[in-house]
Colleague: 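Below is the structure I would like to discuss, written out as structure tokens.
Note that this is a predicted model, so its numbers are computed, not measured. Counting starts at 1 for both ligands and their atoms, following the listed order.
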Amino acid sequence: MRIFSGIQPTGRKHLGNYIGAIVQYVAGQERGEAIYCIVDLHALTVPFEPAELPVLVYDTAAILLAAGLDPERCILFRQSDVREHSELTWLLTAVTAKGDLERMTQFKDKSARQRELVTAGLFFYPVLMAADVLAYRTHEVPVGDDQRQHLELMRDIAIRFNSRFGEQLVVPEARIPEVGARIMDLQDPTSKMSTTSGSEEGRVYVLDEPAEIERKFKRAVTDSGSGIRRASDKPGISNLIDILAAVRATTPEQVEAEFADSGYGDFKAAVAAAVTAYLAPVRERYNELRPDEARLEEILAAGAERARAIASATVADVRGAMGVGAPR
Ligand code: ATP
Ligand code: MG
């Protein structure tokens, strides 16, 4: 079984990325042939600084390695190093409906927030993402809940391609965690914790110091009532319950039972302590790994070489099936 997922090098990664995606990446190494990609081309869809981009790729690579990705047991690479992703994107536009792209909620949300240029890249983002996954004939894609719609679209693209040009592509399945698939912003618990929207205070970074983590949970927005239980009118407390359950690898029901008699203050302190302990070893390993950029580059380059071998075979088949290039 082949597993593939991509993660953006935009900014520092947060607790939502960690619980919703990165933990699943690490587990994927045991479950199949795991391929993970730092998607620098996706980062071009919103404002970015050219001088920062390579640095952010190293930051992200070091976080992933610190979390437990092992270059001996997975392929880890930089998206732009494998040019096949770009070529396949264009080929797949031939089987992508413009109307489907217009319906994507991520495009609607991100374009509405954009003050300057709404790029065509933001609109085509889901096609590039489809190319990332389909280039590896992937069976399973570990992602957070926010990527459900993009996964559906890439399945439609693969199905349309196969019925028009012959069975070439694997139709992938999303793998979305049961607990923690949608960690919410601590200051606005009706929106997902996000890299590009929301406030600094609403986001817990994987690399935050313990004092920062404690402060952010202490100030987390909750309702004016009481009771540690999940409810639609208690999005803040529900989010904290999910976070604690995910971090402790237990269920939200167990968290509710344990804190049935607790007040909000004690509960928030318990969540902060658990998250601090959970992230501390990752931060320590990050600090060890991050300075050695030559080693990071070596890992990414070796990963790209292995990735290219797989992706180039798929793209050759896709070109052939579509009649693109000299006859085979
Ligand atoms: P942006 O909000 O700008 O899109 P992001 O925070 O979503 O950035 P990505 O690199 O796009 O970061 O996402 C990486 C992975 O993390 C994806 O699989 C995504 O589904 C997952 N993810 C993102 N936010 C959350 C969240 N709040 N809870 C759970 N998973 C999340
Ligand atoms: Mg995202």
Side-chain angles (χ1 to χ4, degrees), residues 3-28 34-48 53 56-57 59-61 63-64 67 69 76 78-79 104-114 119 121-122 125-126 128-130 132-133 138 140-154 172-200 202-207 216 220 235-236 238-243 245-247 275:
I3 297 167
F4 178 98
S5 198
I7 187 162
Q8 294 203 61
T10 40
R12 294 163 289 166
K13 300 323 280 185
H14 55 68
L15 189 61
N17 301 137
Y18 198 82
I19 292 173
I22 297 174
V23 172
Q24 274 56 242
Y25 298 176
V26 177
I35 307 176
Y36 303 117
C37 177
I38 300 172
V39 293
D40 55 344
L41 299 177
H42 278 95
L44 312 184
T45 61
V46 290
F48 69 98
L53 195 51
L56 295 174
V57 170
D59 292 348
T60 308
I63 289 186
L64 294 174
L69 289 195
L76 175 64
R78 181 198 280 117
Q79 184 185 32
M104 294 294 118
T105 55
Q106 178 176 294
F107 173 71
K108 288 194 261 187
D109 291 349
K110 288 191 180 180
S111 58
R113 282 204 307 270
Q114 214 45 256
T119 67
L122 192 59
Y125 183 114
L128 177 58
M129 181 169 161
D132 296 339
V133 172
T138 302
E140 202 177 271
V141 188
V143 282
D145 178 75
D146 62 307
Q147 293 303 317
R148 219 177 264 278
Q149 197 183 30
H150 288 161
L151 254 297
E152 270 314 308
L153 177 68
M154 76 171 70
E173 304 278 344
R175 186 176 171 90
I176 297 173
E178 273 173 34
V179 181
R182 195 175 183 79
I183 301 297
M184 307 308 268
D185 187 294
L186 298 186
Q187 289 299 316
D188 171 15
T190 59
S191 302
K192 84 156 186 114
M193 194 178 283
S194 158
T195 311
T196 48
S197 68
S199 64
E200 283 287 311
R203 239 177 266 139
V204 172
Y205 292 109
V206 174
L207 303 177
K216 287 175 185 175
S238 302
N239 186 38
L240 297 180
I241 292 171
D242 275 357
I243 290 173
V247 163
V275 170

Colleague: Using a threshold of 4.0 angstrom between heavy atoms of the protein and any atom of ligand 1, which residues qualify?
Modeller: I7, Q8, K13, H14, G16, N17, G20, A21, K110, V143, G144, D146, Q147, G180, A181, R182, I183, K192, M193, S194, T195, T196
Colleague: Residues in side-chain hydrogen bond (donor to acceptor under 3.5 Å, both in side chains) with T45, at least two apart?
Modeller: none
Colleague: Does the side chain of M184 reach to within under 4.5 Å of the side chain of M193, using non-hydrogen atoms?
Modeller: no
Colleague: Keeping the roles fixed (side chain from Q24, backbone from G20), state whether a donor-acceptor pair exists under 3.5 Å.
Modeller: yes
Colleague: Hey, are the side chains of Q79 and D132 touching, using non-hydrogen atoms and a 4.5 Å cut-off?
Modeller: yes
Colleague: T196: what forms a side-chain hydrogen bond (donor to acceptor under 3.5 Å, both in side chains) with it, not counting sequence neighbours?
Modeller: R113
Colleague: Just list the side-chain donor-acceptor pairs under 3.5 Å for residues 172-180, sequence neighbours left out, or say none.
Modeller:
none

